[in-house]
Amino acid sequence: MAKSALLKSSIAKKVAMALSGLFLMLFLAQHFFINMTSVFSYNTFNSISHFMGNNPLVQFVIQPILIIGVVFHFIMGFVLEFKNRNARPIGYAKFNGAANSSWASRNMIISGLVILAFLGLHFYDFWVPEMIYKYVEVNPLDDTRYYPELLHKFENPVRTGLYCVSFLLLSLHLWHGFNSSFQSVGLNNKFTKALHKLGYAFAIIVPFGFIFIALFHHFNN
């Protein structure tokens with residue numbers, strides 16, 4: 001009975017982890033779309049950024065939900081990693097991880113930690129200054145300031161390099177995480193193969209798209 005309850009608890013945690021990951025991917029896709037407009041039209045980027053930064057629904061409903069989702073996803077990742085390690089305290093002497101799984105699947109916690117550190121930097125770079133600008137200094141609204149601020153962030157080659165490395169690891173994280181999410185929620189039907197292909201495409205297009213945006217603005221500053 002205890003083992004059955006533990007099993008159900010572990011499955012529930014994996015499902016919760018998967019659903020939070022899929023939710024964060026929707027945010028990532030939306031964030032990618034907004035940032036990509038900066039490559040083609042600074043006016044469009046300014047307009048969308050101004051709308052997102054001053055819309056009460058976005059600021060006081062969606063943004064808190066997003067922050068909770070990020071925190072929840074990483075906490076569940078650490079909990080599951082801890083449980084997995086404790087479930088097999090004695091390692092197999094002849095176990096060859098590379099022969100049984102990909103690097104991405106074996107090192108999800110490592111890529112996750114790097115992504116978490118990057119999110120901290122990202123919040124420090126963009127979210128904190130935004131909060132200070134609006135609620136501490138109480139500056140007047142300016143719908144033209146977002147593009148110059150973005151360019152300023154990518155002037156520094158070290159910062160740009162860290163940004164690119166973080167998204168390389170995000171690509172690996174998504175490569176395994178997207179498909180394992182569907183496996184965790186028990187999705188297995190005629191659309192499964194197509195979803196796997198969609199997951200691999202997302203894991204390449206979105207992170208490398210962010211890298212392209214960073215390098216584009218760095219070299220065109």
Could you walk me through whether Phe23 and Phe27 pass ring pair (Phe, Tyr, Trp, His ring centres under 6.0 Å), step by step?
CA-CA 7 Å; Phe23 165 72; Phe27 160 75; 8.1 Å; no
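Considering only heavy atoms from C-beta on, Phe208 stays 4.5 Å or farther from Phe167 through its side chain. In this structure, the side chains of Val206 and Met25 stay at 4.5 Å or more apart for every pair of heavy atoms. Side-chain contact between Tyr133 and Val138: absent, with no pair of heavy atoms (C-beta onward) separated by less than 4.5 Å. By the 4.5 Å heavy-atom criterion applied to side chains, His217 and Tyr147 are counted as neighbours. Phe78 has its side chain within reach of Leu116: a pair of non-hydrogen atoms, C-beta onward, lies under 4.5 Å apart.
Partners of Phe219 by side-chain contact (heavy atoms from CB on, under 4.5 Å), not counting sequence neighbours, listed by chain and number: Leu215. For the side-chain hydrogen bond (donor to acceptor under 3.5 Å, both in side chains) test, residues two or more places apart in sequence or in another chain that qualify with Ser20 are His73. Residues meeting the side-chain contact (heavy atoms from CB on, under 4.5 Å) test with Leu162, sequence neighbours left out: Val158. Every salt bridge (Lys or Arg N to Asp or Glu O under 4.0 Å) that Arg145 has, sequence neighbours left out, goes to Glu130, Glu149. Scored by the side-chain hydrogen bond (donor to acceptor under 3.5 Å, both in side chains) test, Tyr42 finds no partners at all (sequence neighbours excluded). Contacts of Asn43 classified as side-chain hydrogen bond (donor to acceptor under 3.5 Å, both in side chains), with partners at least two apart in sequence or in another chain: none.
Counting heavy-atom neighbours within 6.0 Å of Lys134 NZ, excluding the residue itself, gives a total above 12.
Not a single donor-acceptor pair under 3.5 Å links the side chain of Ser49 to the backbone N or O of Asn46.
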